[in-house]
Amino acid sequence: QMQLVESGGGLVQAGGSLRLSCAVSGTPFGPSVMGWFRQAPGKEREFVASIAWSSGNTHVSDSVMRRFFISRDTHKNAAYLEMNNLKPDDSADYYCAAATTGSFSSWYDVASEYESWGQGTQVTVSS
């Protein structure tokens, strides 16, 4: 099973930016799909963005479109979430996830499609 470790969370003022990283290990072949989810206190886990590992094809939720961008570096075995123009509503624990199933351009926006999860990194946006 893959191991995922997130980093890059922290406290930022509204309008600021953060870049989250997710280091992937424990697999010789890499994932098929990577995703980012978030969960705020008292709320359900929410899909944020997903990327097909091979093609780089991406899908971003409407709530963060044009502010958040997902990318990956296949040589470094890492995925990233660039978050811009952050809002207090973006405050949450952010989790990266990996799936080993999927085609060349697959992305998943459902948590159950992912097999491996990181421990999460906290993002707090102050107003």
Side-chain angles (χ1 to χ4, degrees):
Q1 189 173 5
M2 282 177 284
Q3 290 80 49
L4 309 178
V5 179
E6 303 99 334
S7 60
L11 173 65
V12 64
Q13 288 188 330
S17 298
L18 281 176
R19 188 189 194 215
L20 305 184
S21 299
C22 177
V24 182
S25 63
T27 172
F29 305 111
S32 294
V33 180
M34 293 292 297
W36 286 95
F37 290 75
R38 67 185 182 184
Q39 188 167 19
K43 295 187 177 181
E44 293 186 354
R45 188 165 295 191
E46 174 191 15
F47 168 75
V48 177
S50 179
I51 186 167
W53 191 257
S54 294
S55 69
N57 188 35
T58 64
H59 177 65
V60 181
S61 73
D62 290 344
S63 64
V64 302
M65 194 169 290
R66 290 183 292 277
R67 297 191 298 122
F68 289 16
F69 302 92
I70 186 171
S71 62
R72 89 283 187 246
D73 186 326
T74 58
H75 297 292
K76 294 183 178 180
N77 268 0
Y80 307 96
L81 185 68
E82 184 78 27
M83 306 185 295
N84 302 307
N85 190 21
L86 283 160
K87 305 175 181 180
D89 284 349
D90 294 319
S91 297
D93 290 326
Y94 283 72
Y95 299 87
C96 68
T100 56
T101 59
S103 65
F104 182 75
S105 295
S106 292
W107 50 260
Y108 299 138
D109 58 4
V110 177
S112 59
E113 296 286 356
Y114 295 90
E115 303 144 28
S116 302
W117 292 81
Q119 81 288 350
T121 186
Q122 188 173 53
V123 172
T124 303
V125 184
S126 63
S127 57

- Task: Not counting sequence neighbours, list each pair that qualifies as a ring pair (Phe, Tyr, Trp, His ring centres under 6.0 Å) and has a residue in residues 1-36.
- Result: none

- Close side-chain approach of N77 and W53, heavy atoms under 4.5 Å: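 A side-chain contact exists here, since the closest heavy-atom pair is under 4.5 Å.
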
- Query: Just wondering, do R72 and P31 contact through their side chains at under 4.5 Å, heavy atoms?
  - Reply: no

- Hey, what's the ring geometry for W107 with H59, parallel, tilted or perpendicular (30° and 60° as the breaks)?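 Parallel, since the angle between the ring planes stays under 30°.
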
Answer with yes or no whether the hydrophobic clustering places [X] together with [Y]; edges join I, L, V, M, F, W, Y residues whose side-chain heavy atoms lie under 4.5 Å apart.
X    : Y    : answer
F47  : V60  : no
Y108 : V48  : no
F37  : V123 : no

- Applying side-chain hydrogen bond (donor to acceptor under 3.5 Å, both in side chains), which residue pairs with at least one partner in residues 78-90 are found, sequence neighbours left out? S17-N84, R38-D90, R67-D90

Can I get a per-line list of side-chain donor-acceptor pairs under 3.5 Å for residues 1-12, giving both atom names and the distance, sequence neighbours left out?
unit_1 : atom_1 : unit_2 : atom_2 : d
Q1     : NE2    : E115   : O      : 3.2
Q3     : NE2    : Q1     : O      : 2.6
E6     : OE1    : Q119   : N      : 3.0
E6     : OE1    : Q119   : NE2    : 3.4
E6     : OE1    : G120   : N      : 2.8
E6     : OE2    : C96    : N      : 2.9
E6     : OE2    : G120   : N      : 3.2

Could you measure the distance from the [atom1] atom of [X] to the [atom2] atom of [Y]? Nearest 0.5 Å is fine.
X   : Y   : atom1 : atom2 : answer
F68 : L18 : CZ    : CG    : 9.0 Å
M83 : R19 : CE    : CZ    : 11.5 Å
K43 : D93 : NZ    : CG    : 13.0 Å

- Non-hydrogen atoms of A14 and P88 that approach each other most closely: CB-CD, 4.1 Å

- Taking every non-hydrogen atom, the tightest pair across T124 and Q122: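 Shortest heavy-atom contact: OG1-CG, 4.0 Å.
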
- Message: Apply side chain to side chain contact (heavy atoms under 4.5 Å, CB included) to residues E113 and S50 and explain how you reach the verdict.
- Response: CA-CA 11 Å; E113 296 286 356; S50 179; over 6 Å; no

- Start with the C-alpha gap between M34 and V24, add the side-chain angles, then the distance that decides, and say whether side chain to side chain contact (heavy atoms under 4.5 Å, CB included) holds. CA-CA 10 Å; M34 293 292 297; V24 182; 3.8 Å; yes

- Run through T101, T100, V33 and flag the one making a side-chain contact (heavy atoms from CB on, under 4.5 Å) with Y114.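 For Y114, the side-chain contact (heavy atoms from CB on, under 4.5 Å) test succeeds with only one of T101, T100, V33, which is V33.
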
- Message: Keeping S91 on the side-chain end and V125 on the backbone end, is there a donor-acceptor pair under 3.5 Å?
- Response: yes

